[in-house]
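All values reported here derive from a predicted model rather than from experimental measurement.
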Amino acid sequence: MKLLGQTPTSRLSRLARVIAAVAIVVATAPIAIAEGAPIGSPATVTRNISMNGSNICDLYADGTYIWVAAYGSNQVERINPTTGAVVGSPIAVGANPCHFVQVGNHLFVASTGSNTVTDINPTTATVTRTITLTGSGISGLAYDGTNMWATSYSSSKVERFNPSTGAIVGSPISVASNPGMLLLVNGHVYIPGSGSGNITDITISTLSVSTITTSGSNMASIAFDGASLWATAFSSAKVFRIDPSTNSVISSSNVGSQPTNVIYAGSSIWVGATGNDSVTQLSTTGNVVRTVHLGGGNISNLVYDGAVIWAPNFNGAYISQINATTGAVEASTLNVGSQPGTVLLESNHVWVASTGSNVVTQISGPTPTTTTTTTTTTTTTTTSTTSTTTSTTVPTSSVTTAASAQSATTVLSQSQIPKVSSTIASTAPTTAVAPTSTITNNTTTTVVVPSVPSADPGSGSAVIGGESIEPAITRENNQLIASAAGMRLKVSVVDTTGKVTPLDADGNVRLVSGSSIRLEISGMATSNDVGVWLFSTPRSLGAVSIDSQGSGTAQFAVPANLEDGQHRIAVDGVSRTGEKATIAIGVVAGSVKRTSTITRVLITIPIGLAMIAGLIIPSARRRKKLTTQL
């Protein structure tokens with residue numbers, strides 16, 4: 001894709017711009033979350049949906065609609081995921097929109113062509129406000145549970161704002177050159193600089209800044225495997241493994257040409273190459289397991305659905321499926337729209353955005369239900385960039401500045417060479433020139449959904465150190481409490497006045513739209529972050545910061561589109577003993593009355609006995625060892 005009015009003056013300048021664009025795209029891709037999926041299942045194109053806008057840069061699912069960011073038309077649209085129909089009229093937003101992040105009833109859209117973030121009410125499909133930042137080229141968004149963070153690609157800084165009021169919080173913070181995506185891990189924000197070999201590390205609680213220096217150049221994307229950080233260097237054809245406790249590089253591995261996308265999938269690291277057709281699988285120690293070739297073209301994104309890795313081929317206009325266990329290319333490659341980049345997993349379908357046209361492709365196949373959300377591990381996305389043909393094909397994105405490599409709707413951030421003019425094109429990208437001249441690189445960083453055993457309302461479940469445990473359940477002060485292996489999770493509902501809502505007649509926590517979920521957690525690893533999830537359709541609500549005593553408290557808005565029925569609230573982190581730990585409590589939403597056997601038993605226990613027994617269900621019953629990665 002070639003941007004109007006952008007003419008690189010030198011080969012170095014062109015390369016830098018391309019890298020920057022890729023990085024920005026990387027930053028703009030939404031996070032796709034999924035669990036469980038069959039391998040080698042037949043998949044077919046259900047429909048190609050023509051949007052009103054052009055150059056589709058990002059997709060997001062809010063449980064009701066698929067939201068579509070049309071980079072070339074400065075607008076946002078909606079799709080009914082059941083019928084494929086385009087709903088309502090386009091919503092005008094800032095220049096070159098390319099990244100969604102939702103917080104409660106606020107759907108934020110970053111404008112990579114300006115200094116604005118548009119706040120949309122997803123229920124009414126109207127613009128609530130436009131937030132103006134001091135930087136320009138908003139290439140990434142991430143929510144830390146309190147504030148929204150926004151990277152400015154052209155200004156090389158990150159800013160914060162209150163998601164409820166839109167008010168700017170504090171002062172801008174200088175970061176690595178040409179930042180794209182953001183990754184939030186354990187109370188830190190990590191931001192790769194596509195214009196250098198550096199990654200900025202910001203401690204959220206103190207705003208202290210440190211720099212991670214690598215031997216690579218043009219850092220395109222970053223991921224976390226639960227222990228190490230992984231960052232791709234676009235121009236160096238390497239991926240670096242980093243120890244987050246010391247910010248030191250542990251090792252580096254050679255991967256395919258111009259790597260941009262890096263994801264953690266189950267138990268391996270996968271890296272997509274935008275400079276050729278290769279996807280590299282590495283072990284968590286950095287050893288190359290295999291290299292998978294997917295035919296001529298450039299891999300613009302990687303998304304993991306729990307079993308299969310979906311890899312869109314930008315120049316080939318098709319998407320491939322890789323068995324994450326064997327590395328075999330499964331089923332048939334499917335033809336999709338021009339220059340596919342962003343991939344979204346939602347409602348048993350795979351959705352693919354075409355950055356070279358106005359088409360969104362829906363693929364059917366028994367893929368897992370997923371939600372797109374930005375949170376715990378976030379990313380930032382950025383858009384197409386000017387790429388005057390050079391002999392090398394490089395993925396690029398709508399944003400025109402410094403080199404960028406990687407990250408599509410994950411606007412999860414990811415980007416990358418020598419710094420050049422940091423001007424983001426405000427003009428819409430023209431129709432793609434020969435596919436060999438430009439690649440819009442939209443990469444999605446995938447957050448792996450924790451494995452959480454089912455739990456009826458009023459009961460609980462836990463997985464600690466890979467083993468399933470039945471927690472003890474108690475009730476006090478209108479809170480439902482689950483205790484297991486020294487950890488304790490308290491769940492209650494708070495109304496708009498801040499008052500705790502009584503448990504319902506069955507003794508359950510009942511979620512009601514407009515209220516908030518209050519969590520109190522103890523017994524966790526100190527000075528860490530614990531992810532908060534709402535199942536059964538998995539969605540990340542955010543994270544709870546754990547203090548030096550191993551405890552934390554937080555409130556999260558009940559999603560406005562939460563369906564009535566049974567759900568479970570889960571927290572996922574590390575126990576005080578250093579084991580990966582997930583603990584969940586079953587709840588209900590809306591007017592549905594579903595009483596579990598356990599709840600009925602608890603409610604019928606005489607009050608005197610309840611005082612003696614504490615309404616405790618037998619605890620710590622060890623069951624089968626789980627093989628699923630938390």
Quiz item: Between the main-chain N or O of Thr165 and the side-chain N or O of Asn162, is there a donor-acceptor pair closer than 3.5 Å?
Solution: yes
Quiz item: Pro163 and Thr146: which non-hydrogen atoms are nearest, and at how many Å?
Solution: CD-O, 3.3 Å
Self-check item: Heavy-atom side-chain contact between Leu141 and Val117 under 4.5 Å
Solution: yes
Quiz item: So, Ser461 side chain and Pro453 main chain: donor-acceptor pair closer than 3.5 Å or not?
Solution: yes
Self-check item: Minimum heavy-atom distance between Pro122 and Gln102, given as atom pair plus value
Solution: CG-NE2, 3.7 Å
Self-check item: Distance (rounded to the nearest 0.5 Å) between Ile120 CD1 and Asn105 CG
Solution: 11.5 Å
Quiz item: Is the closest side-chain donor-acceptor distance between Ser251 and Arg241 under 3.5 Å?
Solution: no
Quiz item: For the side chain of Tyr143 and the backbone of Gly145, is there at least one donor-acceptor N/O pair under 3.5 Å apart?
Solution: yes
Quiz item: Between CD1 of Ile585 and CG of Asp456, what distance do you get to the nearest 0.5 Å?
Solution: 13.5 Å
Quiz prompt | Met148 side chain near Arg160 side chain, heavy-atom distance below 4.5 Å | solution = no
Quiz item: Would you say the side chain of Tyr190 lies within less than 4.5 Å of the side chain of Thr200, judging by non-hydrogen atoms?
Solution: no
Self-check item: Val289: partners by side-chain contact (heavy atoms from CB on, under 4.5 Å), with sequence neighbours left out
Solution: Gln281, Ser283
Self-check item: Donor-acceptor contact present, side-chain Ser575 to main-chain Glu579, <3.5 Å
Solution: yes
Quiz item: Quick check: does any side chain N or O of Asn508 sit under 3.5 Å from a backbone N or O of Gly458, one acting as donor and the other as acceptor?
Solution: yes
Practice problem: Answer yes if the side chains of Thr582 and Asp572 hold a donor-acceptor pair under 3.5 Å, and no otherwise. | Solution: yes
Quiz item: How many angstroms lie between atom OH of Tyr264 and atom OG1 of Thr284, to the nearest 0.5 angstrom?
Solution: 6.5 Å
Quiz item: Going by distance alone, is a donor N or O of one side chain under 3.5 Å from an acceptor N or O of the other, for Asn247 and Ser210?
Solution: yes
Quiz prompt | Side-chain heavy atoms of Leu107 within contact of Trp67, under 4.5 Å | solution = yes
Quiz item: Between Arg518 (side chain) and Ala554 (backbone), is there a donor-acceptor pair under 3.5 Å?
Solution: no
Quiz item: Does any donor atom in the side chain of Asp529 or Asn186 lie under 3.5 Å from an acceptor atom in the other side chain?
Solution: no
Practice problem: Report the distance from atom CE of Met524 to atom CD1 of Ile546, rounding to the nearest 0.5 Å. | Solution: 6.0 Å
Quiz prompt | 4.5 Å side-chain heavy-atom contact, Ile212 and Asn198 | solution = no
Quiz item: Could you state the interatomic distance from CG (Leu183) to CZ (Phe224), rounded to the nearest 0.5 Å?
Solution: 8.0 Å
Quiz item: Do side-chain atoms of Ser205 reach the backbone of Gly187 as a donor and acceptor pair under 3.5 angstrom?
Solution: no
Quiz prompt | Exercise: do Thr501 and Asn478 side chains pair donor with acceptor under 3.5 Å | solution = no
Practice problem: Before giving the answer on side chain to side chain contact (heavy atoms under 4.5 Å, CB included), spell out for Trp149 and Asp144 the whole-Å C-alpha distance, their side-chain angles and the decisive distance to 0.1 Å. | Solution: CA-CA 8 Å; Trp149 294 68; Asp144 69 5; 3.0 Å; yes
Self-check item: Chi angles and distances behind the side chain to side chain contact (heavy atoms under 4.5 Å, CB included) call for Val512, Val493
Solution: CA-CA 8 Å; Val512 180; Val493 173; 5.8 Å; no
Exercise. Could you give me the CA-CA distance, side-chain angles and deciding distance for Val587 and Arg568, then say whether side chain to side chain contact (heavy atoms under 4.5 Å, CB included) is met?
Key: CA-CA 5 Å; Val587 300; Arg568 59 195 188 279; 5.8 Å; no
Quiz item: Do the non-hydrogen side-chain atoms of Pro81 and Trp351 ever get within less than 4.5 Å of each other?
Solution: yes
Self-check item: Interatomic spacing from OG1 in Thr151 to CD1 in Ile191 - rounded to 0.5 Å
Solution: 6.5 Å
Exercise. Show the numbers, then the answer: is there a side chain to side chain contact (heavy atoms under 4.5 Å, CB included) between Arg488 and Ile481?
Key: CA-CA 7 Å; Arg488 201 174 198 203; Ile481 305 167; 3.4 Å; yes
Practice problem: Please list, chain by chain and in numerical order, all residues satisfying ring-ring contact (aromatic ring centres under 6.0 Å, His included) with Phe161, sequence neighbours excluded. | Solution: Phe108
Practice problem: Only counting residues at least two apart or in another chain, list the ones meeting salt bridge (Lys or Arg N to Asp or Glu O under 4.0 Å) with Lys490. | Solution: Glu476
Exercise. Please report the shortest heavy-atom distance between Ile473 and Ser459, naming the atom on each side.
Key: CD1-C, 3.9 Å
Quiz prompt | Backbone N/O of Asp243 and side chain of Ser228: donor-acceptor pair under 3.5 Å | solution = no
Quiz item: Do you know which two heavy atoms are closest between Gly590 and Asp564, and how far apart they sit?
Solution: CA-OD1, 3.3 Å
Self-check item: Side-chain touch Thr211/Asp201, heavy atoms, less than 4.5 angstrom
Solution: no
Practice problem: Specify the closest pair of heavy atoms between Ala265 and Ile309, including all atoms of both residues, with the distance to one decimal. | Solution: CB-CD1, 4.2 Å
Exercise. Could you tell me whether a side-chain N or O of Glu159 sits under 3.5 Å from a main-chain N or O of Gly135, the two making a donor and an acceptor?
Key: yes
Quiz item: Hey, does the side chain of His567 reach the backbone of Val588 with a donor-acceptor pair shorter than 3.5 angstrom?
Solution: no
Quiz item: Nearest heavy-atom pair of Ile583 and Leu489: which atoms, and what distance?
Solution: O-CD2, 3.8 Å
Self-check item: Test item: Ile131 and Ile168 side chains (from C-beta on) under 4.5 Å apart, heavy atoms
Solution: yes
